[in-house]
Protein chains: 2
Amino acid sequence: MATIYEVAALAGVSPATVSRVFNGRTVSPEKQRLVLDAAARLAFTPNKTARRLRKRSSEIIALLIPDIENPFYTALARGVEDRAQEAGFSVVLCNTDDDPAKELRYLGIAASEEMAGVILSPASDEVDLGAIVSLGRPVVAVDRTTPYPVDAVKIDNRAAGIAATTALVDAGFQRIACIAGPLGIESTEDRFLGWRQVVAARGIDVREGYLRHANFRVDGGHAAMKALLALDAPPDAVVTTNNLMAVGALRALAEAGVSLDAFGLAVVGELPDLVLAPATVTQVRLPARHLGTTAAQMLLERIAGDAQPLRTVVLRADVIPAPPVG
Amino acid sequence: MATIYEVAALAGVSPATVSRVFNGRTVSPEKQRLVLDAAARLAFTPNKTARRLRKRSSEIIALLIPDIENPFYTALARGVEDRAQEAGFSVVLCNTDDDPAKELRYLGIAASEEMAGVILSPASDEVDLGAIVSLGRPVVAVDRTTPYPVDAVKIDNRAAGIAATTALVDAGFQRIACIAGPLGIESTEDRFLGWRQVVAARGIDVREGYLRHANFRVDGGHAAMKALLALDAPPDAVVTTNNLMAVGALRALAEAGVSLDAFGLAVVGELPDLVLAPATVTQVRLPARHLGTTAAQMLLERIAGDAQPLRTVVLRADVIPAPPVG
DNA sequence: GAAGTACGAGAAATCGATTTCGTCAAGAGT
DNA sequence: ACTCTTGACGAAATCGATTTCTCGTACTTC
């Protein structure tokens, strides 16, 4: 790797001039050419590390998400990466596993690596963003929000919950239960509130035990559905507040031999693969990739120096309704 | 962010001594304590950028894969990340979209960012690894190999193809077609060779058109399956050489109203979600995550200075057989 | 007891780019 | 004609850690 000094020597100019050529400052066309020729001959690439040390910032953004194996976050990550790449930024992906300790560790890395900014889906309300924020690094919260004053991009989760539930009501189901995520996570709470709003408004019979809080994963959905089916008066339809729990629920239904012709299922989120899902499942398609591109866009604007007041962008979800009960 | 100089001043020692404390060199216990106290009081974190400039290497490894939205690569990425994190390394994830130009760009970034090493699934045989290799950066090829002299971790693809095909033969199918990936990609070619070996060995009737090359995605599998079903003598079973093409094939079968009770399908790879897949599909489970951890392990050993001869590790796939035809 | 060894620790060089500062020359303004 | 402005560009400082070099003290060893 050639350095700026070697290029300068070959071109017969000072290192400062070489730097100016590569940073778009005022340099005479003639020296400009000399430098570019020399740089080309030496296959010169500026050393990013040295530049970063001086500029105190890099072209890297950190993306902290709970789990890259969840297709929702995969799509989100893809969106972030696409937008970042257009702007010449690289993305470092960090799985927090919803563990505040891991999250904190990664935030520390982002700071000491002098990354340009952070996009994160906070593991809890207690994330300590104080350190990076006070360093002046822009932060964008995505999918979930935080008490810290940072930009945010989220989904209209209550509307998504309402849409999922309404689809089941419209399809003629009478006893609609809800498998919600753990308490304390805003996105899933809003979705569950959407469910509650609809069943209350429509005067739907909600028995004891029709609301179940489970962990966010397949096993949680599975256990919750088993419990629902074991009730004296089991529901005839269920709303789940995320995709993985729906997979678990489907598995439980299959094990119990319950046909989806007579049992309604609506998911806030997309099942891992649309094709293989029974057509009778209602899915609320979350704009995951768009969430990512939007967040990246906002972050890039902040990195570029945009100082407008904090923004929260709310994206709306699409509904893919199931056909009415035959 | 406090610097090493401030810590040194507060502790009453030289910056060199502070550095030695943080790098496990010989320092008297007494000064050690002074330094640690001062560092704690100032909440000192060593600046990684400055360190990297001096050491000419960072604790970051680049992972170049075709597409993070493919669950196979997601699992692989997760494996890499888990292992890397244990060793205190961060992973930068790069989607190449199987585009050699993007791949080259990312390799350039890896070099100029002074990343510690690269794990990649080459987009083509023509990747130019010359630059990084000559820089002395370790590289590990994963899932696919390259002509360059680098370590590799791959799957026994031929065995996987054989296993998938054998499962169909054993289940009693007579006319077994193959939907293979594009020519020129080693992994899929080996799988298809496995199919050919089995059908040849068992004297199975392979009609004209029973081998189809498609792109690696859902639409490719869909089109190929449609074409197969449109043959005068359509097959009664199909092997697909990756997961996404199987999804496309399933969709085509569903559209054509073909029941999976009478039609065999074997996939090299796992369907996006096992639960929702018909139980009659044979899947060859690829150890994607393990591939990732193994590759990361090898890379970390090289980074640590391991100079043993080049290694190629071949991992074996598991078969999840479908039940015999009823 | 003299010479040799070992080790702790400070001063200063180093990594490679960016940026401030200052100089010099050419063109503008009065 | 003389000052003022402007712009190109080189010298040198700077970013913050690591790593030689070097020196001085303490400890062996014969």
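Here the structure is a predicted model, which is why all the values come from computation and not from measurement. All chains are named by letter (A, B, ...) in the order of the sequence lines, taking the proteins before the strands, and each is independently numbered beginning at 1.
In the helix from C/dG1-D/dC30 to C/dT30-D/dA1, the terminal helix axes, each the rotation mapping four pairs' C1' atoms onto the next four within five end pairs, subtend 30°, rounded to 10°.
A salt bridge links B/D151 with B/R302; the closest basic N to acidic carboxylate O contact falls under 4.0 Å. The pair B/D99-B/R105 does not meet the salt-bridge criterion, since no charged nitrogen lies less than 4.0 angstrom from a carboxylate oxygen. A salt bridge does not link B/E114 with A/K48: every distance from a Lys NZ or Arg NE/NH1/NH2 to an Asp or Glu carboxylate oxygen is 4.0 Å or more. With respect to A/E81 and A/R289, no salt bridge is recorded, no charged nitrogen being found less than 4.0 Å from a carboxylate O. Looking at A/E113 and A/R52, a side-chain N of the basic residue comes within less than 4.0 Å of a carboxylate O on the acidic one, giving a salt bridge. Ionic pairing of B/K154 and B/E186 is present here: one or more N-O contacts between side-chain nitrogen and carboxylate oxygen are shorter than 4.0 angstrom. Taking 4.0 Å as the cut-off between side-chain N and carboxylate O, A/R311 and A/E301 count as a salt-bridged pair. Remark: B/E6 does not engage B/R41 in a salt bridge, criterion side-chain N to carboxylate O under 4.0 Å. A salt bridge does not link A/R217 to A/E69: none of the charged nitrogens lies less than 4.0 Å from a carboxylate oxygen.
Taking the side chain as every heavy atom from C-beta outward, B/Y73 and B/D143 approach each other to under 4.5 Å. Using a 4.5 Å heavy-atom threshold, the side chains of B/L315 and B/T294 count as touching.
Using modelled atom types, one side-chain atom of B/S121 and one backbone atom of B/V142 make a donor-acceptor pair closer than 3.5 Å.
In this structure, B/T74 OG1 and A/D67 CG are separated by 9.5 Å, a value rounded to the nearest 0.5 Å. Taking CZ of A/F72 as the start and CG of A/N70 as the end, the distance is 7.5 Å to the nearest 0.5 Å.
Under the 3.5 Å distance criterion, with hydrogens and angles disregarded, a donor-acceptor pair is assigned to the side chains of A/Y148 and A/D128.
Along DNA chain D, the nucleotide closest to B/F22 and the one closest to A/R54 are compared, and the more 5′ of them pairs with A/R54.
Closest of all the heavy-atom pairs between B/A77 and B/L93 is CB-CD1, 4.1 Å. Nearest approach of B/V92 to B/M115, heavy atoms of both residues: CG2-CE, 4.0 Å.
For the contact set between residues 106-115 of chain B and DNA chain D, defined by any heavy atom under 4.0 Å, there are no members. Residues of residues 5-21 of chain A that place a heavy atom closer than 4.0 Å to DNA chain D, in numerical order, are A/V13, A/S14, A/A16, A/T17, A/R20.
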In B/S/- notation, 5' to 3', how is nucleotides 22-27 of chain C contacted by protein heavy atoms closer than 4.0 Å? ------
Between the protein and nucleotides 5-8 of chain C, list every N/O to N/O distance that falls short of 3.5 Å.
unit_1: C/dG8; atom_1: OP2; unit_2: B/T26; atom_2: OG1; d: 2.5

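Heavy-atom contacts of chain A under 4.0 Å fall on DNA chain D between two terminal nucleotides, which in 5' to 3' order are D/dA8 to D/dG16.
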